[in-house]
Amino acid sequence: MPRKTVQKPFTITVIVQGTVIKDNYSGDGKRVSGFRRNYKHADILKLKMKARTLLDGRKKLPVFKVKDELMKQLMEHRVSVVIGETGSGKSTQIPQFLMKQIKGKIAVTQPRRVAAINLATRVSEEFGCDVGRDVGYAVRFNNATSYKTMLKYMTDGMLLREMMLDPLLSDYSAVIVDEAHERTILTDMILGFLKELLVRKRKDDKNFRVIVMSATLDADKFSAFFNKAPIFFIEGRLFHVDRYYLPHSVDDIIDSMVKSIIQVNQEQTKGDVLCFLPGQEDIDKVTSILHQIAPALPREAPMIVPLPLYAALPPQQQLKVFDKVKPHQRKVILSTNIAETSVTIPGVRYVIDSGLRKIKVWRHELGLSTLLTVPISKASASQRTGRAGREAPGKCFRLYTENDYIKLSQNTEPEIIRSEIVYPVLMLKRLGVDDILNWFWLENPGRSALIAALQQLYALNALSDSGKITDLGEQMAVLPVTPHLGAVLIQASKFGVLSTVMDIVACLSVDNLILTPPSEQRDVINAKRRETCTLGDRYGDLVMLKELFNIYNDISSSDERRIWCKSLGVSYKGFKNVLRIRKQISQYMDSMDGRKNEKERHSGVEDGNKSKNDDSNEDEIKTSVPLNYELVLKSFLKGFITNTAIGMPDRSYRTVTSGDTISIHPSSLLFGKKIDAVMYIEHVYTMKGYARNVSAIKTDWLREMAPHCLDRG
DNA sequence: TAGGGTTTT
């Protein structure tokens with residue numbers, strides 16, 4: 001499209017950090033004076049005009065009404081807590097207000113990638129710049145920032161990574177921690193580090209600001225943590241949602257859910273229905289019941305279109321919840337917690353809430369995780385309810401009694417007190433924190449959990465006898481994988497099998513890569529996997545991952561890759577991620593190789609293995625090298641020596657550490673086989689104790705790989 | 001012969 005030529009000289013005015021900067025142009029569009037830039041004048045004008053059209057909408061946001069009062073508070077205190085419900089505009093507007101008042105960069109952290117990207121994109125439009133210029137974002141695999149970027153939206157994990165490189169965060173003059181109420185491990189860690197920064201490292205820097213933003217009313221906790229920081233409330237902009245409870249508690253949540261869906265469908269006027277259930281199994285059951293009975297329902301009511309939604313669902317099927325349906329149809333979305341925060345579906349007017357969710361609880365004293373179905377919190381119930389009132393007034397049907405509701409805990413339990421905290425503890429060690437037990441924990445994970453983490457790190461040689469971080473620990477802290485897998489990578493590098501191990505570690509770093517096939521396809525897919533992965537069939541699941549990786553990598557067209565993935569019940573999207581992670585791991589390994597080689601050459605440890613098949617310096621993926629499964633599995637033993645079990649005559653297995661019985665999970669290629677000893681990546685307790693991602697090992701490898709951990713043999 | 005909520009470097 002031809003552009004209109006501007007004839008008269010003109011000026012573009014931009015406000016940066018409260019300073020008005022004018023840029024003067026001659027009639028032919030050449031810049032004659034003003035600030036330096038790379039844009040064509042037409043582009044910048046377009047962006048500024050777009051921003052102007054957005055201003056009216058911004059002024060209607062609740063946060064705009066209280067702007068002056070809010071900014072007064074934020075400027076007067078080093079730490080503030082801001083409570084703002086959904087729709088208040090806090091995440092988009094407050095950082096922009098702040099940009100005009102303070103000098104220096106502002107970081108805004110988000111628990112999720114998509115949120116960081118979407119917010120940065122939106123705010124760039126409002127500000128009138130391209131993403132990555134004045135306003136940008138940083139998430140894993142994607143950095144849209146420049147030297148000019150003053151406002152940076154980023155994931156929690158990214159800010160923590162920056163903290164590891166610059167513990168003073170000297171680049172920033174303000175950090176805004178958004179969605180703090182979600183209390184993820186990473187958010188909790190950031191809040192602890194910020195407190196430390198304020199009390200110790202930057203205690204004299206009066207210009208450094210911290211703003212904690214939360215959507216629920218649990219502000220007191222944050223305020224108390226930051227020395228009674230003032231709290232500011234902003235109203236939200238959700239529509240009213242009526243709540244209904246059951247008169248009596250029910251046992252069968254699936255039956256209750258199906259009945260409620262049918263009733264809502266018959267009695268309520270138009271609008272889609274969003275149902276919250278704890279897990280995939282419940283969702284699949286309800287979906288299939290609805291498919292069966294939908295044709296038999298009365299014609300007057302809309303036709304039900306059941307749509308499952310959970311993380312392990314292939315992306316194409318997930319996207320179906322956004323499709324439009326015909327006028328006489330009604331979408332009934334059956335979802336896990338994913339629809340509570342991560343996925344927002346337009347058109348929902350009714351919510352049916354089972355009041356349940358699943359959580360993974362780490363038992364540090366046993367070194368295993370359990371998966372539990374538990375009641376949600378009041379905060380979570382209110383969040384689910386709010387999903388019905390985003391566009392119009394709605395209704396929420398709670399499949400529990402009002403009395404049950406009253407008994408729910410106020411807030412969701414912070415993740416950090418029920419998780420493995422080996423990595424958080426390593427981070428603290430890396431940042432020089434000696435007294436882990438009395439650190440600035442927003443929620444202290446507890447003495448026994450902390451000691452268990454320290455012991456794990458010691459066993460991985462990440463900590464010395466005196467509890468100080470070792471060179472190895474420093475490397476593990478930097479690698480973008482768990483410390484256990486980090487130890488594996490470093491060992492693999494010494495054994496000269498790094499390339500292969502990086503392939504496997506990348507596979508293990510992706511969730512839901514190997515899907516659990518629907519029961520009717522189960523036998524076919526299991527047989528296909530065994531037939532495809534002949535070495536995996538013998539040596540186990542880690543070797544299987546390498547075989548799958550090789551085949552995927554050797555297929556050239558994406559269409560063929562997709563078909564192949566489907567035939568084996570593996571995730572295509574997951575494998576795409578595997579390749580990105582593989583590349584990132586490889587870059588990290590390369591960068592630490594230079595420093596490390598120097599030391600090793602003198603130590604002489606295992607140099608016999610460091611021979612011509614050493615592939616540690618090459619980024620290239622190798623699919624043709626013969627697989628040295630022994631060295632590969634021994635590398636894994638370095639990180640998972642405690643996850644081993646010995647085969648008993650009765651075909652059961654006993655763990656090496658505690659002697660407890662453990663079974664090979666039926667999803668494993670080694671399921672049903674008789675093996676002397678096994679190593680597993682994960683120990684989960686559901687119906688009974690299961691080992692997942694299992695490999696066959698030899699008992700004498702145990703003593704060889706970790707003499708100092710297995711004194712009792 | 002099990003099954004698995006959600007994030008992220």
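Letters A, B, ... mirror the listed sequences (proteins, then strands); counts begin at 1.
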Measure from [atom1] on [X] to [atom2] on [N] and round the result to the nearest Å.
{"X": "A/Arg384", "N": "B/dG5", "atom1": "CZ", "atom2": "P", "value": "13 Å"}
{"X": "A/Gln587", "N": "B/dT9", "atom1": "CD", "atom2": "P", "value": "15 Å"}
{"X": "A/Ile581", "N": "B/dT9", "atom1": "CD1", "atom2": "C1'", "value": "10 Å"}
{"X": "A/Lys360", "N": "B/dT8", "atom1": "NZ", "atom2": "P", "value": "15 Å"}
{"X": "A/Leu160", "N": "B/dT8", "atom1": "CG", "atom2": "C1'", "value": "10 Å"}
{"X": "A/Arg529", "N": "B/dT1", "atom1": "CZ", "atom2": "C1'", "value": "14 Å"}
{"X": "A/Glu413", "N": "B/dG5", "atom1": "CD", "atom2": "C1'", "value": "14 Å"}
{"X": "A/Glu520", "N": "B/dT1", "atom1": "CD", "atom2": "P", "value": "20 Å"}

query: Should A/Tyr680 and A/Glu682 count as side-chain neighbours, where that means a heavy-atom distance under 4.5 Å?
result: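 Not in contact.
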query: Are the side chains of A/Ile176 and A/Met213 in touch, meaning some heavy atoms are under 4.5 Å apart?
result: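 Sidechains of A/Met213 and A/Ile176: in contact.
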Given [options], the nucleotide with the shortest approach to the side chain of [X]:
{"X": "A/Pro666", "options": "B/dT9, B/dT1, B/dT6", "result": "B/dT1"}
{"X": "A/Ile338", "options": "B/dT7, B/dA2, B/dT9", "result": "B/dT7"}
{"X": "A/Gln280", "options": "B/dT1, B/dG5, B/dT8", "result": "B/dG5"}

Does OP1 or OP2 of [N] have a side-chain N or O of [X] closer than 4.0 Å?
{"X": "A/Thr155", "N": "B/dT9", "answer": "yes"}
{"X": "A/Thr516", "N": "B/dA2", "answer": "no"}
{"X": "A/Thr336", "N": "B/dT6", "answer": "yes"}

- prompt: Is any NZ, NE, NH1 or NH2 atom of the basic residue among A/Arg183 and A/Glu443 found under 4.0 Å from an Asp or Glu carboxylate oxygen of the other?
  reply: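 Looking at A/Arg183 and A/Glu443, the cut-off is met.
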Pairing of A/Glu281 and A/Lys358 as salt bridge, 4.0 angstrom limit: no
Have a look at [X] and say if it touches a base, only the backbone sugar-phosphate, or nothing, with a 4.0 Å heavy-atom cut-off.
{"X": "A/Ala312", "result": "nothing"}
{"X": "A/Val139", "result": "sugar-phosphate"}
{"X": "A/Met687", "result": "sugar-phosphate"}

task: Could you tell me whether the side chain of A/Arg161 has a donor or acceptor atom within less than 3.5 Å of a complementary atom in the base of B/dT9?
output: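 Result: at least one qualifying N/O pair found.
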- request: Let me know, please, whether A/Arg522 or A/Gln584 comes out on the 5' side of the other along DNA chain B by nearest nucleotide.
  value: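 This one resolves to A/Arg522.
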query: Of A/Arg418 and A/Leu479, whose nearest nucleotide on DNA chain B comes first from the 5' end?
result: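 On the 5' side of the pair lies A/Arg418.
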task: Could I get the full list of ring pair (Phe, Tyr, Trp, His ring centres under 6.0 Å) partners for A/Phe397, not counting sequence neighbours?
output: A/Tyr244
- prompt: Do the side-chain N and O atoms of A/Glu162 and A/Tyr172 include a donor-acceptor pair separated by under 3.5 angstrom?
  reply: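 Yes - a donor-acceptor pair under 3.5 Å links their side chains.
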Name the atoms and distances for all side-chain donor-acceptor pairs under 3.5 Å in residues 421-430 of chain A, with sequence neighbours left out.
residue, atom, partner, partner atom, Å
A/Lys429, NZ, A/Gly467, O, 2.8
A/Arg430, NH1, A/Glu474, OE1, 2.9
A/Arg430, NH2, A/Met164, O, 3.4

- prompt: Taking the six-membered ring for Trp, are A/Phe549 and A/Phe575 parallel (under 30°), tilted (30 to 60°) or perpendicular (over 60°)?
  reply: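 It falls in the tilted class, 30° to 60°.
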Proximity to DNA chain B (any heavy atom under 4.0 Å), residues of residues 105-113 of chain A only: A/Pro111, A/Arg112, A/Arg113
